[in-house]
Number of protein chains: 2
Amino acid sequence: MQRKRIENIPETITREISEKIIRNELKPGERIYEAKIAEELGVSRSPVREALRILEKNRLVELIPRKGARVAEISSAHIEWFYDVFEALYGLAARKVTEKAGEQDRADLGAALEKIEAAASAKDVEKYYEGIFEFAAIGMRAAANPLLAQILMDLWPSNRRIQYATISRRKDTLEENAGFFRKIYELLDSPDEVEAEAAVRAYARNEKQVALEMIYGKKRENDRDGNTKS
Amino acid sequence: MQRKRIENIPETITREISEKIIRNELKPGERIYEAKIAEELGVSRSPVREALRILEKNRLVELIPRKGARVAEISSAHIEWFYDVFEALYGLAARKVTEKAGEQDRADLGAALEKIEAAASAKDVEKYYEGIFEFAAIGMRAAANPLLAQILMDLWPSNRRIQYATISRRKDTLEENAGFFRKIYELLDSPDEVEAEAAVRAYARNEKQVALEMIYGKKRENDRDGNTKS
DNA sequence: AAATTGCACATTGTCGACAATCGACATTAA
DNA sequence: TTAATGTCGATTGTCGACAATGTGCAATTT
């Protein structure tokens with residue numbers, strides 16, 4: 001008997017609004033009214049309120065007490081802030097994975113990588129995103145740090161939002177990007193966790209660069225990048 | 001008239017419960033009932049519910065849907081998880097501070113450092129904690145990354161909780177600890193952000209070590225699993 | 001006309017009541 | 001005795017109504 005996980009009402013509402021923000025149907029700065037959402041979905045305001053708190057955790061909305069909810073802004077500064085944190089935390093995750101991952105984890109990561117590469121060569125963006133999500137999720141499990149996992153999972157929707165904004169250009173760079181994952185995968189097996197961390201950090205910096213150039217033109221040169229390759 | 005920031009009811013409740021958990025008056029694993037808290041404080045369950053979500057963000061309680069809230073566990077694994085994340089994020093913050101801090105920031109950091117050192121030589125633990133909180137808060141501002149700041153601030157109560165558990169032993173090591181902050185402060189001024197990051201990471205690793213030894217003794221030498229229940 | 005004040009409306013915050021769900025216990029059957 | 005099942009109390013989830021607060025407009029004053 002399939003004990004299907006029943007989705008909460010707040011989770012459903014969260015997903016609903018989440019998608020709209022990621023797809024930019026709800027614009028940055030736009031007000032979100034509890035009563036309006038509640039009526040649209042035929043529920044009371046209580047679960048809507050809870051959904052808005054979850055969306056705040058996901059950094060998709062900003063809540064101001066007694067003033068309400070707005071769709072979170074997104075600027076070049078936001079993108080830098082996001083990827084700097086992303087780099088630090090996924091770097092840590094990579095180091096932990098090389099230290100702790102077992103056979104099963106490595107096999108699962110390999111399977112996810114295949115999915116990523118298949119999607120990349122087929123230029124299937126949806127499948128590609130599914131793949132990197134799986135890769136990340138398996139990595140979280142293997143890193144064996146639930147606190148880290150939860151922080152990163154809370155941040156994932158913001159990641160998707162930024163990626164979505166750059167989706168048109170991304171179709172061309174899918175295979176190049178998949179290359180990062182292969183490299184990461186191979187280094188996760190190495191005995192040197194520093195190299196694995198470096199690979200993930202390089203990926204994060206690349207994502208940041210792509211997003212910034214994509215959205216705000218290429219107004220930033222890498223003066224002193226410090227990218228030491230040995 | 002001082003336009004003091006008015007504290008929300010949920011914030012008040014959060015602080016109330018927060019203190020109890022940090023002081024270990026509410027034990028790990030203990031159930032927290034919405035109705036009970038609501039009655040004790042003479043409010044309805046709505047603000048209590050919201051307070052519990054905030055406490056979940058602070059990692060002081062764990063919420064399980066349709067089952068309720070429990071005081072978060074605290075084990076050697078939890079401590080390792082916490083300080084690994086702490087190290088990665090404060091390391092990032094340190095690097096950013098060396099890059100971005102202005103004159104005012106550095107002056108404020110210096111003032112906070114003085115407070116820390118004064119409290120340390122007076123062996124005033126409360127003042128010492130105030131000092132390091134200020135130091136961290138100013139650092140957050142100087143690092144100029146609100147996302148990072150918010151994540152770290154959400155984690156602060158967990159930090160306090162772990163430190164509180166080791167408070168008795170800490171009185172002796174206050175000055176040694178203050179030394180870390182002086183070193184960090186001096187390196188934040190150096191042009192080399194890598195060294196500043198390294199100093200902060202060393203501090204984090206030391207905190208982890210102290211907490212682990214303090215709470216779990218040195219029982220973890222040849223025991224790879226560490227699962228010794230009596 | 002510009003600034004200030006007061007008022008009306010829109011929106012969030014809080015409340016008490018009811019519904020849905022979970023866990024423990026007792027009852028029954030093998 | 002032990003395992004399965006039904007029932008009951010306790011607890012969380014949801015609801016609609018009311019209270020408190022903030023916002024924008026209009027009237028008033030200078």
Side-chain angles (χ1 to χ4, degrees), chain A residues 1-18 20-21 25-73 150, chain B residues 1-18 20-21 25-73 150:
Chain A
M1 49 205 89
Q2 287 280 19
R3 198 145 216 339
K4 258 210 187 143
R5 188 174 174 324
I6 300 157
E7 199 174 46
N8 288 337
I9 297 177
E11 281 173 16
T12 310
I13 300 171
T14 302
R15 198 163 33 77
E16 206 80 17
I17 303 176
S18 190
K20 286 208 179 105
I21 295 176
E25 291 161 25
L26 290 169
K27 312 291 186 201
E30 189 169 328
R31 241 347 249 290
I32 298 178
Y33 298 104
E34 296 175 357
K36 182 156 162 284
I37 306 283
E39 197 185 13
E40 279 175 15
L41 303 180
V43 296
S44 84
R45 278 171 50 217
S46 309
V48 175
R49 279 174 76 81
E50 185 166 341
L52 288 175
R53 310 301 148 130
I54 298 173
L55 288 163
E56 187 193 29
K57 233 176 28 187
N58 295 338
R59 321 282 160 170
L60 295 183
V61 311
E62 281 162 17
L63 295 180
I64 300 172
R66 294 203 166 76
K67 294 190 65 176
R70 289 179 182 282
V71 177
E73 297 291 342
Q150 212 180 332
Chain B
M1 62 203 72
Q2 39 188 8
R3 202 143 206 345
K4 274 266 163 114
R5 190 178 172 323
I6 300 156
E7 198 174 47
N8 287 337
I9 296 179
E11 282 172 16
T12 310
I13 301 172
T14 301
R15 200 163 33 77
E16 206 81 18
I17 303 177
S18 191
K20 287 207 177 108
I21 295 176
E25 290 160 26
L26 290 169
K27 312 289 188 203
E30 191 170 328
R31 227 13 230 290
I32 298 178
Y33 299 106
E34 295 174 358
K36 184 158 161 284
I37 305 283
E39 198 186 11
E40 278 175 15
L41 303 180
V43 297
S44 83
R45 280 171 49 218
S46 310
V48 175
R49 281 173 76 81
E50 184 166 342
L52 289 174
R53 311 301 148 132
I54 298 173
L55 288 163
E56 186 193 31
K57 230 174 32 183
N58 295 337
R59 320 283 160 172
L60 295 182
V61 312
E62 281 162 17
L63 295 180
I64 300 172
R66 294 206 168 73
K67 293 191 66 179
R70 290 179 182 281
V71 177
E73 297 290 343
Q150 212 179 331

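This is a predicted model, so every value here is computed, not measured. Residue numbering restarts at 1 for every chain, and letters A, B, ... go by the order of the sequence lines.
Nearer to the 5' terminus of DNA chain D, by closest-nucleotide assignment, is the contact made by Y33(B) (compared with the other of S46(B) and Y33(B)).
For E50(B) and dG13(D), the CD to C1' distance is 16 Å, given to the nearest whole Å. For the pair L41(B) CG and dG13(C) P, the interatomic distance rounds to 19 Å; values are reported in whole Å. The interatomic distance linking I64(A) (CD1) with dT21(D) (P) rounds to 18 Å, in whole Å. Following rounding to the nearest Å, E11(A) (CD) and dG13(D) (C1') show an atom-to-atom distance of 13 Å. Rounded to an integer number of Å, the gap from CD of E39(B) to C1' of dA10(D) is 15 Å. Spacing between atom CD1 of I32(A) and atom P of dT12(C) amounts to 10 Å, rounded to whole angstrom units. Computed from coordinates, the N8(B) CG to dA20(D) P distance equals 15 Å when rounded to whole Å.
Nucleic acid contact for R70(A): none, since no nucleic acid atom lies under 4.0 Å from a heavy atom of the residue. Using a 4.0 Å heavy-atom criterion, one finds that L63(B) contacts no nucleic acid atom at all.
The nucleotide whose nearest atom lies closest to any side-chain atom of R31(B) is, among dC15(C), dG13(C), dT12(D), dT12(D). In this structure, of dC15(C), dG22(D), dG23(C), it is dG22(D) that holds the atom nearest to the side chain of R66(A). Residue R49(A) has its side chain nearest to dG13(C) when only dG13(C), dT12(D), dC15(C) are considered.
Proximity of R49(B) to R53(B): side-chain heavy atoms (C-beta onward) are separated by under 4.5 Å at one or more points. The shortest side-chain heavy-atom distance between R59(B) and Q150(A) falls under the 4.5 Å cut-off.
With L41(A) as reference, I13(A) is the one residue of T12(A), I13(A), I17(A), V48(A) to meet the side chain to side chain contact (heavy atoms under 4.5 Å, CB included) rule.
Looking only at distances, no side-chain donor or acceptor of R45(A) sits under 3.5 Å from a matching main-chain atom of A35(A).
Remark: the R45(B) side chain and the dG13(D) base include a donor-acceptor N/O pair separated by less than 3.5 Å.
A close approach under 4.0 Å does occur between a side-chain nitrogen or oxygen of K67(A) and OP1 or OP2 of dT23(D). Side-chain N/O atoms of S44(A) include one lying less than 4.0 angstrom from OP1 or OP2 on dC15(D).
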Verdict with supporting geometry, V71(A) and K20(A), side-chain contact (heavy atoms from CB on, under 4.5 Å): CA-CA 10 Å; V71(A) 177; K20(A) 286 208 179 105; over 6 Å; no

